[in-house]
Each structure stands twice: as C-alpha cells, then as structure tokens.
J.: 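Handing you a structure now.
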Amino acid sequence: MDLKWKSRVVTEGPERAPQRSLFKAIGLDDKDLEKPLIGIANSWNEIVPGHIHLDKVSEAVKMGIREAGGTPLEFNTIAICDGIAMGHEGMKAPLPSREIIAASVELMVKAHAFDALVLITACDKITPGMLMAAARLNIPTVLVNGGCMLPGEIDGRRVAISHLFEAVGQYKAGKMSEEELRRFESLAVPGPGSCAGLYTANTMAIAAESLGLALPGTSTIPAVSAERIRAGREAGRAVMALLREGIRPLDIMTEKAFENAIRVDVALGGSTNAVLHLMAIAEEAGVKLDLDLFDEISRETPHIANMNPAGPHYVVDLHYAGGVPGVFKELSDMMHLDQLTVSGKTWAQIIENVVIRNREVIRPKDNPYHKQGGLAVLRGTLAPNGAVIKQTAVDPEMLTFKGKAKPFDSEEEAVKAIFDGRIEEGDVVVIRYEGPKGGPGMREMLTATSAIVGFGLKRVALITDGRFSGATRGPAIGHVSPEAAEGGPIALVEEGDEIYIDVPNRKLDLLLSEEELKKRREKWTPPKPRGRGFLAIYSQLAASADKGAVMIPRD
C-alpha cells in the first residue's frame, strides 16, 4: 500500500502535531494514525425505518475496515422519510435534501482528508445524494445500503405502505371503517428497512449495485437478515482493497455503467424518480444522460419482474430469486458485462455461477410481463421538453386516453377535490406549480394518486410538473417540462380543455390551437417565488426536471 496516501496531509510530520492531537483527543493512537483513514458516511437516525438499524451495519463496516488494515471514522448526514413528509408542506424538503446530503459528505471528506469512503445509506434521496458525493470526491468508495423492509400481512394478504395510502382513499370513500384503517396501519409496515416494494428507495439501492458502486447481490438483502451485517463487513474489506488497487468511482461509473443501471431499472419497472437521480449522479460523474436515452432503453428492454406497487412481488422476493446479478444474467446479451464493480470483478465474472431460482419473479426475457420496460418519456404540446410515466403500472385501457382537464395550482387543492367527490371518470387532474422551482422542491403526489385509486376511479389520469412516489401506480404522468413556474404549457391549462395521452406513441398533447395558446401565454404572469431559507435557494438554482433537477449543473 502506498505510504503517501491522502490522509498524510493531516497525520504526518512535526507541523501536523496539532492535527494529530485532535485525532488523539477522540481516542486514536499513533498506530491508528499510521493507517489509512477511512470515512464512513452514515445516514442513521431514530426517525426513518430504513435507517433505524444502520448503526448496526456501521459496526460491521468498521470491523471489516479494521481487519483489512484501516482506521474507520464515522460521521452522519441527514435523512428524510418521504412517507412521513408525504401529503403536506414537508414534501417540499426531500428532493432539495439530496443536494444537502451530497454537499455534507463532500465537505466532511475534503476537510478531514480521508483516504477512502464507505457510504451507509437507505431511502429515496440519501442514496443518490451519496452517489453524487462519491462522483465529486472520486476516492475509493463502496456503498452499502440498509436493505429492504419485509412486507406486512393482513388476513393472509401481503401488504406494504402503498396499500395503506390507498386505504386512506377507501376510508374517505366509505369503503373501509376507521377501525379497519387503524388495524391496517399497525400491520402494513412491520419493521426496519426501506419500504418493501420497488419504490424509490429500493430502486436507487438497486441502481447503485447496477452501477457497480455496491457489492454484487447486496442491494436487495432484507434489513432484518444477518446477511445484511455480513455485507457491511465485506464492504469494509472491499473499500480497503479498492484503496490498495487505486480503483475509484469514476473508473466504475462510466457511460456504459449508467446504461446498465437504466436497463435494470426498466426491466424491473422501478420508480420514475430514477430518471431524476441517475441524471443527477451522471452529471457529477461527467456523463451526459439525455432524457430520451431512458425511453430508448425502455423500448428495447423487456419488463421481466412485476414488482409492488404494480405487481405482486416484493424486493425480498427478488433477492431470493437471484437479485440484481440474476437480472444481469437474464439480460446478459443486452448488458455491458465488461464493466467493473467495487468487488474488483466485472459483471461477466460475477454472473458466471449465478442461478435464477424463481422464474415467476424473474421471468425469461422471451416470456416477459411486458414487451417494453417500465419507463416511457412523453412529449407534445403539453410537455415540449418531456414528461415521464411508469407505463408498466398503467391499465392497458388507459395507455391511450382523452379526457377533460381539471387543473389545480397545488397538491392540496387537488386532493381536496378528490376527497370531496368532484373528480369524475374521464377527468384529467392537472397539478401544477409543483416543479423544482415552482414548488419549490418538486413534491411527490402519492396522496393524490392513492386517493384516486382508493375512490375506485378507473378512467382518471393525473398529470403534474411535480413527481410521483415509487409507490404510485396508474396513469400518473410527472416531470412535465417546462414546469408551470417557468411558463410551460401546463401553466396555461384551463378547466374543460381536452388532453390527449398516447403512451405507445409517446404523446402528451393539450388539444388547443397555437393561436389560443398564444393568447393565454400573453395573459400569463409568473407567480411570486415561494419558500424561504434553503428552499428559496433551491428554487433559484434548480434545473428543470428534464435535466435531473440538479441545483448547480456543470454548464
């Protein structure tokens, strides 16, 4: 191992006596300071189920680092629970928090001259934020996630948080008693881990593994399994091996690696938020991902796993069926198998002995659930710069749809209208001024989509310049760009306007003449900026959704 690694700038030489004294003040000795200093960024807290156990994972990581000859030093960053934040003003915070997480990890590592880094993470914005930091810092890094939650069970039926959000709509519609709802809330989310379905948290954990930054086979391990602890210990050893070999994140996070991650995501039908986050991570890695690349890959990739919320299977099922290596194996002729991972092996080496153990969970690519992958990018007069839909979660009868617009300038207004029974079959609910700038913060609309499902409305679409939780299912179109706050066509929609959705042909049109649009545009006035504090800063600096909603683009 190179004796001149990075941390020597704070541990070596007489002039560094003050720095060494401060390390000694926390209990380190000279032998500790002769070893590489390995930062551990941990998002543990006592609020989020996905994070409540990460202190145990960290202990395992430290054990692995010490075994391999390093000195581990742990620090923390913030972590927001999207489920708790959902449906109120708090949901403006999670996406901007991605930028705070990335910056906090970046600054801690730079300030303390760590030689390598282990990222201990879970949940929606934390994993992408940490991956953004990994790309910025470009020191040897391994990501280890906290694992998936097990599904709950009610009367022999497996359930998750998505079902509970929909149950609220059933209660409001008089289809479920308050007693039943209270019983549901006590059983649906049974313990530690990222919520059990393929929502954004698990989508991004899988994306990290597909990119090569997490050890193969580890992203889908259940949080309550001892395998999760063993994976943490192995991550500690692995980061030391990367340090010895000089392998850094940008050696792994190549353009081909991002294509692998996109292909795995669409093959599984993952969250639409993966578009925002993979674009943001790629931006930091110096890789340009065009929005249309997601659509191109999705068109040619079969949907081989039908995961909750749209399907019956959960992430734990995917794990025992073969996990991410199983997906790479099944799609091997479509994947870039020469890409390196933090294991030190390429995907070609990794999948040599992989066995797919459940062919209903991971179907053969010649017998998929759908011929195309999970994501579709729509364009048209309502979304000139693009919009995103999870097409595999849409009833086939709603893939092509024409309806009358009912526009709302906030999520709260739309949810009240749904709960009041003012939304009818054939409507297109339009929620605007919820984009990165206009929200600010680009809220998720799970409360609104779940209310539509809970009320039993089959022929109602929802379109927004905000975004959707990975737990959303149905004809929900988000990321409409340009957003309303920037004067996009979505700002000009009036009640009764006809909107045409054609997912197979990737169209999203506001059926108005150009003359009428011009008249409305001349009357439109920009809204006053919303938000204070960091949200105001984010509103001023955030790029649009079709650029990943990053706060400071490279160009």
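Values in this document were obtained by computation on a predicted structure and should not be read as measured data. Just so you know, these numbers use all the heavy atoms, side chains as well, and skip hydrogens, waters and symmetry mates.
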J.: If you round to the nearest 0.5 Å, how far is CD1 of Ile65 from CE of Met63?
T.: 11.5 Å
J.: Tyr199 vs Ser162, test: side chain to side chain donor-acceptor pair (under 3.5 Å). Steps then yes/no.
T.: CA-CA 9 Å; Tyr199 315 147; Ser162 59; 2.9 Å; yes
J.: Hey, does the side chain of His313 reach the backbone of Val315 with a donor-acceptor pair shorter than 3.5 angstrom?
T.: no
J.: If you take all heavy atoms of Phe294 and Ala274, which pair is closest and at what distance?
T.: CE2-O, 4.3 Å
J.: Counting only N and O atoms by type, is there a donor-acceptor contact under 3.5 Å from the side chain of Glu411 to the main-chain atoms of Glu434?
T.: no
J.: Whether Arg467 and Glu444 form a salt bridge (side-chain N of Lys/Arg under 4.0 Å from carboxylate O of Asp/Glu) is what I want to check.
T.: yes
J.: By the ring-ring contact (aromatic ring centres under 6.0 Å, His included) test, which pairs, at least two apart or in different chains, include something from residues 79-113?
T.: His112-Phe114
J.: In Å and rounded to the nearest 0.5 Å, what is the CG to CG distance from Leu143 to Leu119?
T.: 5.0 Å
J.: Heavy atoms, side chains only, cut-off 4.5 Å: are Thr472 and Pro309 in contact?
T.: no
J.: Determine whether Leu375 and Val275 make a side-chain contact, defined as any pair of heavy atoms from C-beta on separated by less than 4.5 Å.
T.: yes
J.: Do Glu330 and Arg359 meet the salt-bridge criterion of a basic N to acidic O distance under 4.0 Å?
T.: yes
J.: If only side-chain N and O atoms count, and only distance matters, is there a donor-acceptor pair under 3.5 Å linking Glu74 with Ser58?
T.: yes
J.: Without swapping roles, check the side chain of His479 against the backbone of Asp546 for a donor-acceptor pair under 3.5 Å.
T.: no
J.: Does a side-chain heavy-atom distance below 4.5 Å link His336 with Arg263?
T.: no
J.: Between Asp124 and Arg98 (salt bridge meaning N to carboxylate O under 4.0 Å), is one present in this structure?
T.: no
J.: Quick one: closest heavy-atom pair of Gly197 and Asn308, and the distance?
T.: CA-OD1, 3.4 Å
J.: Does CD belonging to Glu245 count more than 12 external heavy atoms closer than 6.0 Å?
T.: no
J.: If the threshold is 4.0 Å, N to carboxylate O, is there a salt bridge linking Arg158 and Asp317?
T.: yes
J.: Run Val239 and Leu117 through side chain to side chain contact (heavy atoms under 4.5 Å, CB included) and show every step you take.
T.: CA-CA 7 Å; Val239 78; Leu117 182 63; 5.8 Å; no
J.: Charged N to carboxylate O under 4.0 angstrom, Lys92 versus Glu89?
T.: yes
J.: May I have all residue pairs that pass side-chain hydrogen bond (donor to acceptor under 3.5 Å, both in side chains) and include part of residues 28-37, sequence neighbours excluded?
T.: Lys24-Asp30
J.: Give a yes or no on whether the backbone of Leu215 and the side-chain of Thr218 come within a donor-acceptor separation of less than 3.5 Å.
T.: yes
J.: Can Ser271 and Thr203 be counted as having a side-chain donor-acceptor contact under 3.5 angstrom?
T.: no
J.: What are the two closest non-hydrogen atoms of Ser219 and Ala205, and how far apart are they?
T.: CB-O, 3.3 Å
J.: Considering only heavy atoms from C-beta outward, does the side chain of Ile252 approach that of Thr341 to under 4.5 Å?
T.: no
J.: Say whether Thr121 and Ser43, considering side chains only, have a donor N or O and an acceptor N or O under 3.5 Å apart.
T.: no
J.: With the side chain counted from C-beta on, respond yes when Val10 and Phe23 share a heavy-atom pair under 4.5 Å apart, and no when they do not.
T.: yes
J.: Apply side chain to side chain donor-acceptor pair (under 3.5 Å) to the pair Asn260 and Ser210, showing each step before the final yes or no.
T.: CA-CA 6 Å; Asn260 280 344; Ser210 303; over 6 Å; no
J.: Side-chain contact, heavy-atom cut-off 4.5 Å: Glu234 with Ser343?
T.: no
J.: Could you tell me if Glu227 and His319 have a donor-acceptor pair between their side chains, going purely by distance under 3.5 Å?
T.: yes
J.: Do Lys390 side-chain atoms and Gly374 backbone N/O form a donor-acceptor pair below 3.5 Å?
T.: no
J.: Check Ser104 against Thr77 and note the closest heavy-atom contact, atom names and distance.
T.: OG-OG1, 2.7 Å
J.: Give, for atom CG of Asn138 and atom CZ of Arg248, the distance between the pair rounded to the nearest 0.5 Å.
T.: 4.5 Å
J.: Could you work out, with side chain to side chain contact (heavy atoms under 4.5 Å, CB included) as the rule, every residue matching Glu59, not counting sequence neighbours?
T.: Lys62
J.: Determine whether Lys125 and Glu99 satisfy the following criterion, salt bridge (Lys or Arg N to Asp or Glu O under 4.0 Å), listing intermediate values before the conclusion.
T.: CA-CA 9 Å; Lys125 312 308 169 299; Glu99 314 302 315; over 6 Å; no
J.: Taking CD in Glu46 as the centre, count heavy atoms belonging to other residues, nucleotides or ligands within less than 6.0 Å. Is the count above 12?
T.: no
J.: So if I apply the side-chain contact (heavy atoms from CB on, under 4.5 Å) rule between Lys329 and each of Val354, Leu337, Asn353, which one comes out positive?
T.: Val354
J.: Got a second to check how far Arg8's CZ is from Leu33's CG, nearest 0.5 Å?
T.: 8.5 Å
J.: Using only heavy-atom distances, determine whether the side chains of Asn202 and Ser194 contain a donor-acceptor pair under 3.5 Å.
T.: no
J.: Can you find a pair of side-chain heavy atoms, one from Val159 and one from Leu164, that are under 4.5 Å apart?
T.: no
J.: Got a donor-acceptor contact below 3.5 angstrom from the Asn42 side chain to the Phe75 backbone?
T.: no
J.: Using every non-hydrogen atom in the two residues, find where Val327 and Ile304 come nearest and quote the distance to one decimal.
T.: CG1-CD1, 4.3 Å
J.: Mind checking the CZ-CE spacing from Phe468 to Met442? Nearest 0.5 Å is all I need.
T.: 9.5 Å
J.: Between Glu185 and Arg182, does any NZ, NE, NH1 or NH2 come within less than 4.0 Å of an OD or OE carboxylate oxygen?
T.: yes
J.: Indicate yes or no: at least one non-hydrogen side-chain atom of Leu289 is less than 4.5 angstrom from one of Ile262.
T.: yes
J.: For Leu446, does its backbone N or O pair with a side-chain atom of Thr449 as donor and acceptor, under 3.5 Å?
T.: yes
J.: Strictly by modelled atom types, are Thr254 and Gln339 linked by a side-chain donor-acceptor pair under 3.5 Å?
T.: yes
J.: Has the side chain of Arg233 got a donor or acceptor atom that lies under 3.5 Å from a matching backbone atom of Ala60?
T.: no
J.: I need the Asn76 CG to Asn45 CG distance, nearest 0.5 Å.
T.: 8.5 Å
J.: Any Lys/Arg nitrogen of Lys288 or Glu255 sitting under 4.0 Å from an Asp/Glu carboxylate oxygen of the other?
T.: no
J.: Spell out, as yes or no, whether a donor-acceptor pair under 3.5 Å connects the side chain of Asn273 to the backbone of Thr200.
T.: no
J.: List the atom of Phe328, the atom of Met335, and the distance in Å for their closest heavy-atom pair.
T.: CE2-CE, 3.5 Å
J.: Check each of Val61, Leu243, Ile139, Val142 against Ile38 using the side-chain contact (heavy atoms from CB on, under 4.5 Å) test, and report the only one that passes.
T.: Leu243
J.: Is a side-chain donor or acceptor of Gln349 paired with a backbone partner of Thr346 at a separation under 3.5 angstrom?
T.: yes
J.: Assess whether side chain to side chain contact (heavy atoms under 4.5 Å, CB included) is satisfied between Leu73 and Leu28, documenting all intermediate values.
T.: CA-CA 10 Å; Leu73 293 167; Leu28 300 185; 4.0 Å; yes
